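Just so it is clear, the model here is predicted, and its values are computed rather than measured. First the proteins, then the strands, lettered A, B, ... as listed; each starts at 1.
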Protein chains: 2
Amino acid sequence: MTMTDPRKRLDQMISKLRENNYRITPQRLAVLRILATSTGHPSVEKIYGKVKKDFPTTSLATVYKTLIVMKEIGEVLELGFGEGGNRYDGNKPYPHPHLICTGCGQIIDPDLESLQGVTEELIKATGFKINTHRLDFFGVCPNCQKAGSKKPVEN
Amino acid sequence: MTMTDPRKRLDQMISKLRENNYRITPQRLAVLRILATSTGHPSVEKIYGKVKKDFPTTSLATVYKTLIVMKEIGEVLELGFGEGGNRYDGNKPYPHPHLICTGCGQIIDPDLESLQGVTEELIKATGFKINTHRLDFFGVCPNCQKAGSKKPVEN
DNA sequence: ATTTGAATGATAATCGTTATCTGTTAATAA
DNA sequence: TTATTAACAGATAACGATTATCATTCAAAT
């Protein structure tokens with residue numbers, strides 16, 4: 001569990017914006033703060049809701065545009081699961097596996113040692129130049145297995 | 001490369017429909033024929049276009065509804081890549097990795113020995129009951145690497 | 001302080017997919 | 001074979017997430 005320090009992460013993001021000649025606006029800062037402090041995988045609506053607490057006039061479009069910028073400079077990972085909007089990870093903006101409980105909705109970032117080498121085998125077998133990948137597992141967590149606990153867990 | 005015999009595959013699909021008390025309509029048969037004979041990963045629009053050659057009055061909604069039914073009974077795998085509609089695989093309707101060339105758009109089904117055991121490690125580590133998964137690699141194929149060949153390959 | 005291109009905010013547009021509803025038909029039994 | 005009926009097809013409206021548009025505002029460099 002590599003827990004990033006939110007302040008350091010925020011500074012990192014701001015630096016990257018500057019490097020790429022993007023402007024630092026209060027609205028962008030608000031979005032970045034949420035991304036840096038989120039331990040989970042917030043949705044656009046969740047980010048939007050939080051931003052509006054500090055900046056009530058913020059538009060949903062601004063949140064989307066900020067996320068597009070952050071994706072472009074590689075500081076946010078977009079998670080495109082099937083149902084209902086995408087999720088975003090501002091702390092581990094590189095490809096990594098996810099484990100989604102279809103019961104309560106929680107999303108986990110598992111560490112999988114055995115995943116090492118799969119990409120290498122693929123490159124060796126196909127000659128492709130791999131740029132990115134996506135690995136998602138869908139199942140039922142231990143808690144949802146025992147009880148029929150339908151409590152939606154947000155993360 | 002396990003190449004399924006299209007006729008056998010079609011019969012299999014029809015049997016599954018019957019087993020699950022779904023009706024065998026000419027429109028459904030047309031969609032199933034396309035799924036069974038496709039070596040690649042056709043889009044809804046592609047299926048729709050082909051169906052209309054034999055059945056000009058077919059509605060796009062009918063194609064979608066047929067695909068929903070086939071997904072429900074586990075005879076079609078839906079591939080949800082980011083851009084532009086989903087793709088469908090009627091020959092390997094179980095989870096398997098995909099390799100997408102972002103240059104020409106081709107989709108390959110690689111065999112990855114090293115993938116064995118990853119799910120097991122995940123189960124052991126988390127206690128989840130895994131129902132399905134998704135593994136997609138995005139990169140550039142050997143052909144697109146050498147030339148700037150921008151020929152869109154459909155499959 | 002001025003300037004200017006970029007960002008914001010509000011809203012329309014887009015696109016893949018699903019819902020709705022009316023007329024048609026596959027499948028079962030008489 | 002025909003009658004019956006629930007399921008299906010077709011046409012189109014609705015939907016939801018995201019993107020585009022455009023006038024106004026503002027960050028940042030001079």
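Rounded to whole Å, the distance from NZ on A:Lys65 to C1' on D:dA20 is 9 Å. Rounded to whole Å, the distance from OH on B:Tyr88 to P on C:dG16 is 12 Å. To the nearest angstrom, P of D:dA27 lies 14 Å from CG of A:Leu17. We find that CG of B:Leu32 is positioned 14 Å from C1' of D:dC8, with the value rounded to whole Å. B:Asn21 has its CG atom 10 Å from the P atom of D:dA7, to the nearest Å. Nucleotide C:dT20 holds its P atom 13 Å from the CD1 atom of B:Ile68, rounded to whole Å. Rounded to a whole Å, the CD atom of B:Glu72 is 14 Å from the C1' atom of D:dA7.
Among residue pairs with one or both ends in residues 116-131 of chain B, none qualify as salt bridge (charged side-chain N to carboxylate O under 4.0 Å, His left out); sequence neighbours excluded.
Residue-level contact check: A:Pro26 touches the backbone only, with heavy atoms under 4.0 Å from sugar-phosphate atoms and none from bases.
Under the 3.5 Å distance criterion, the side-chain polar atoms of A:Gln145 are matched with a main-chain donor or acceptor of A:Val140.
Using a 4.0 Å cut-off between a side-chain N of Lys or Arg and a carboxylate O of Asp or Glu, A:Glu78 and A:Arg134 do not qualify as a salt bridge. Using a 4.0 Å cut-off between a side-chain N of Lys or Arg and a carboxylate O of Asp or Glu, A:Lys16 and A:Glu72 do not qualify as a salt bridge.
The phosphate of D:dG10 has OP1 or OP2 within less than 4.0 Å of a side-chain N or O from B:Thr57. One finds no side-chain N or O of B:Gln27 lying less than 4.0 angstrom from the OP1 or OP2 phosphate oxygen of D:dC8. Contact between the side-chain N/O atoms of A:Asn86 and the OP1/OP2 oxygens of D:dA17 is not found at any separation under 4.0 Å.
You won't find any donor-acceptor pair under 3.5 Å spanning the side chain of A:Arg28 and the base of C:dA7, going by distance alone.
The minimum heavy-atom distance between B:Pro93 and B:Gly74, with the atom names listed, is CB-O, 3.6 Å.
If you find the closest nucleotide of DNA chain C to B:Arg23 and to B:Tyr64, the one lying nearer the 5' end belongs to B:Tyr64. Nearer the 5' end of DNA chain C, as judged by each residue's closest nucleotide, is the contact made by B:Gly84, out of B:Ala61 and B:Gly84. Each of A:Arg18 and B:Thr25 lies near DNA chain D, and the nucleotide nearest B:Thr25 is the one positioned closer to the 5' end.
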